[in-house]
Novice: 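Quick one: structure below, then a few questions.
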Amino acid sequence: MNTLSYKTVSANSATVNKEWVLVDADGQTLGRLASKIAKLIRGKYKPNFTPHVDCGDNVVIINAEKINLTGKKWTDKSYIRHTGYPGGQRSLTATEMFAKDPTRLIEKAVKGMLPKNTLGSALFRNLYVYAGTEHKHAGQEPKAINLNDYI
């Protein structure tokens with residue numbers, strides 16, 4: 001029997017094929033969109049997925065201002081941060097954060113679903129979110145995909 005036929009293949013930075021994909025967030029629910037995007041960035045949909053390697057795709061999201069939140073999340077969901085000083089806890093509702101910058105809602109949701117280590121930081125740099133339909137990655141020729149095709 002050929003001993004190479006049953007070896008586990010582990011991807012590395014030289015053998016990974018990264019693609020550019022374009023996702024339209026128009027009418028999508030925030031959490032469901034973010035979980036699928038996190039899996040795309042991580043590379044979980046690829047057959048050669050390796051947990052400790054950046055084998056995911058570069059994802060460009062357009063129409064971030066047309067995202068949906070279900071229920072009363074627009075008013076009840078709060079984003080909490082701390083300045084580092086005593087009594088420095090600050091919070092924003094989803095509506096307030098959306099008014100400041102609609103792309104931050106998607107960025108925070110996806111970042112929370114990535115690993116909390118240096119690999120997660122590197123993976124997050126593969127995400128590009130834009131409020132409108134215009135983006136500056138036309139040179140990479142991103143392939144438009146439908147997220148409903150993914151589980």
Novice: Check step by step if side chain to side chain contact (heavy atoms under 4.5 Å, CB included) holds for Trp20 and His137.
Specialist: CA-CA 9 Å; Trp20 284 82; His137 302 284; 3.8 Å; yes

Novice: Rounded to the nearest 0.5 Å, how far does OG of Ser121 lie from CG of Asp54?
Specialist: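 One finds 11.5 Å between CG of Asp54 and OG of Ser121.
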
Novice: Shared ILVMFWY cluster between Tyr45 and Met113, side chains joined below 4.5 angstrom?
Specialist: no

Novice: Asp57 pairs by side-chain contact (heavy atoms from CB on, under 4.5 Å) with which of Glu19, Arg42, Lys143?
Specialist: Glu19

Novice: Would you say Thr29's side chain and Leu69's backbone share a donor-acceptor pair under 3.5 angstrom?
Specialist: no

Novice: Enter the distance from Lys18:NZ to Ile41:CD1 here, rounded to the nearest 0.5 Å.
Specialist: 9.0 Å

Novice: Of the non-hydrogen atoms in Ile80 and Ser91, which two are nearest, and what is the gap between them?
Specialist: CG1-CB, 4.0 Å

Novice: Is the distance between the ring centroids of His135 and Tyr128 under 6.0 Å?
Specialist: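 Not under 6.0 Å, so no.
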
Novice: Would you say Ile62 and Ile67 are hydrophobically clustered, going by side-chain heavy atoms of ILVMFWY under 4.5 Å?
Specialist: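 No; Ile67 is not reachable from Ile62 via cluster members.
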
Novice: Give a yes or no answer on whether the side chain of Asn63 reaches the backbone of Lys66 with a donor-acceptor pair at less than 3.5 Å.
Specialist: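 No; zero donor-acceptor contacts below 3.5 Å.
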
Novice: Only pairs at least two apart or in different chains count here, so list each side chain to side chain donor-acceptor pair (under 3.5 Å) that has a residue in residues 106-115.
Specialist: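 Matches after skipping sequence neighbours: none remain.
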
Novice: Do you know which two heavy atoms are closest between Ala25 and Ile106, and how far apart they sit?
Specialist: CB-CD1, 4.3 Å

Novice: Side chains of Ile61 and Ile37, heavy atoms from C-beta outward: is any pair under 4.5 Å?
Specialist: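 Heavy-atom side-chain distance check passes, below 4.5 Å.
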
Novice: Heavy atoms only: give me the nearest Leu40-Val59 pair and the separation to one decimal.
Specialist: CB-CG2, 4.1 Å

Novice: So His52 and Ser10, do their side chains get closer than 4.5 Å, heavy atoms only?
Specialist: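 The answer is yes; the side chains approach within 4.5 Å.
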
Novice: Report yes or no: is the cationic atom of Lys100 (NZ for Lys, CZ for Arg) closer than 6.0 Å to the six-membered ring centre of Phe98, at no more than 45° off its axis?
Specialist: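 No, cation not above the ring by the 6.0 Å, 45° rule.
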
Novice: Counting N and O atoms only, with roles assigned by atom type, does the side chain of Asn146 sit under 3.5 Å from a partner on the main chain of Asp149, one being a donor and the other an acceptor?
Specialist: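 Not a single qualifying donor-acceptor pair exists.
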
Novice: Treat each ILVMFWY residue as a node, draw an edge where side-chain heavy atoms are under 4.5 Å apart, and state whether Ile145 and Leu123 are in one component.
Specialist: yes

Novice: Looking only at heavy atoms, which two atoms of Leu119 and Pro51 are closest? And how far apart?
Specialist: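 Nearest heavy atoms, Leu119 then Pro51: CD2-O, 3.3 Å.
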
Novice: Can you tell me how far CG of Leu147 sits from NZ of Lys39, rounded to the nearest 0.5 angstrom?
Specialist: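 The NZ atom of Lys39 sits 11.5 Å away from the CG atom of Leu147.
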
Novice: Using a 3.5 Å distance criterion without hydrogens, assess whether the side chain of Asn68 forms a donor-acceptor pair with backbone atoms of Gly27.
Specialist: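 Judged by distance alone, yes, a pair lies under 3.5 Å.
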
Novice: Measure the shortest side-chain to side-chain distance between Asn58 and Val21 over non-hydrogen atoms and say whether it is less than 4.5 angstrom.
Specialist: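 The answer is no, as the side chains (C-beta and beyond) never meet within the 4.5 Å cut-off.
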
Novice: Flag the pair Thr75 / Thr93 as yes when at least one side-chain heavy-atom distance between them is below 4.5 Å, and no otherwise.
Specialist: no

Novice: Give, for atom OG of Ser78 and atom CD of Glu96, the distance between the pair rounded to the nearest 0.5 Å.
Specialist: 10.0 Å

Novice: Main chain of Ala11, side chain of Thr50: is a donor-acceptor contact present, judged purely on distance under 3.5 Å?
Specialist: yes

Novice: Cluster question for you: counting only ILVMFWY and a side-chain heavy-atom cut-off of under 4.5 Å, with indirect links fine, are Tyr130 and Leu127 together?
Specialist: no

Novice: Between Val60 and Leu114, is there a shared hydrophobic cluster once you connect ILVMFWY residues whose side-chain heavy atoms come closer than 4.5 Å?
Specialist: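 No; tracing contacts between hydrophobic side chains, which count when under 4.5 Å, never links both residues.
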
Novice: Working to the nearest 0.5 Å, report the span between CG of Leu33 and CG of Leu105.
Specialist: 11.0 Å

Novice: Nearest heavy-atom pair of Ser35 and Arg32: which atoms, and what distance?
Specialist: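 Minimum heavy-atom contact is OG-O, 3.0 Å.
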
Novice: Report yes if some heavy atom in the side chain of Lys46 is under 4.5 Å from a heavy atom in the side chain of Asn17; otherwise report no.
Specialist: yes

Novice: Taking the side chain as every heavy atom from C-beta outward, state whether Phe49 and Cys55 have any atom pair closer than 4.5 Å.
Specialist: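 Of all side-chain heavy-atom pairs linking Cys55 with Phe49, at least one is under 4.5 Å.
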
Novice: Rounded to the nearest 0.5 Å, how far apart are CE of Met97 and CZ of Arg104?
Specialist: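 That separation rounds to 4.5 Å.
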
